[in-house]
Amino acid sequence: MICVGGIGIYQEEGKEAVVMHLGDCVNIPAGVKHWHGATQNHWFSHLAIAVPGEDASNEWFEEVSEEDYLAAQPLSE
C-alpha cells in the first residue's frame, strides 16, 4: 500500500500503529490481519496493489472500534 496523499494510519494486529505520509509504503503479506485509514484530523488516499497467489485472498474483517482507532492516533501530525 502506498500513501498518495493526506496522513494515514496502518496497524497490524498485535503491533503498534504506523503513521503514513505521502510516499510511505507498507508491504502487507497475505493473511496478515490489519486495518488502515485516515487520521482523526486529516484525509488519506492510498494505492493498494494486490498480487495474485495460490491459497491467498483478500478478506474483510470487523470494523475497527473507536477505542482502537483513537489509541492509534499520532501525538503530532
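Predicted model, so just to flag it, every value in this text is computed and none were measured.
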Salt bridge (charged side-chain N to carboxylate O under 4.0 Å, His left out) contacts in which one or both residues fall within residues 35-52, not counting sequence neighbours: none

Donor-acceptor pair, side chain of Gln73 and main chain of Gln40, under 3.5 angstrom: yes

Option passing side-chain contact (heavy atoms from CB on, under 4.5 Å) with Met1 (candidates Ile28, Ile49, Asp24): Ile28

Atom pair CG (Leu22) and CZ (Phe44), whose distance is rounded to the nearest 0.5 Å: 10.5 Å

Val64 reachable from Leu70 in the ILVMFWY side-chain graph, under 4.5 Å edges: yes

In a table with atom names and distances, give each donor-acceptor pair under 3.5 Å that connects a side chain of residues 3-13 to protein atoms at least two apart or in another chain.
unit_1, atom_1, unit_2, atom_2, d
Tyr10, OH, Glu12, OE2, 2.8
Gln11, OE1, Trp35, NE1, 3.0
Gln11, NE2, Lys15, O, 2.8
Glu12, OE1, Lys15, NZ, 3.2

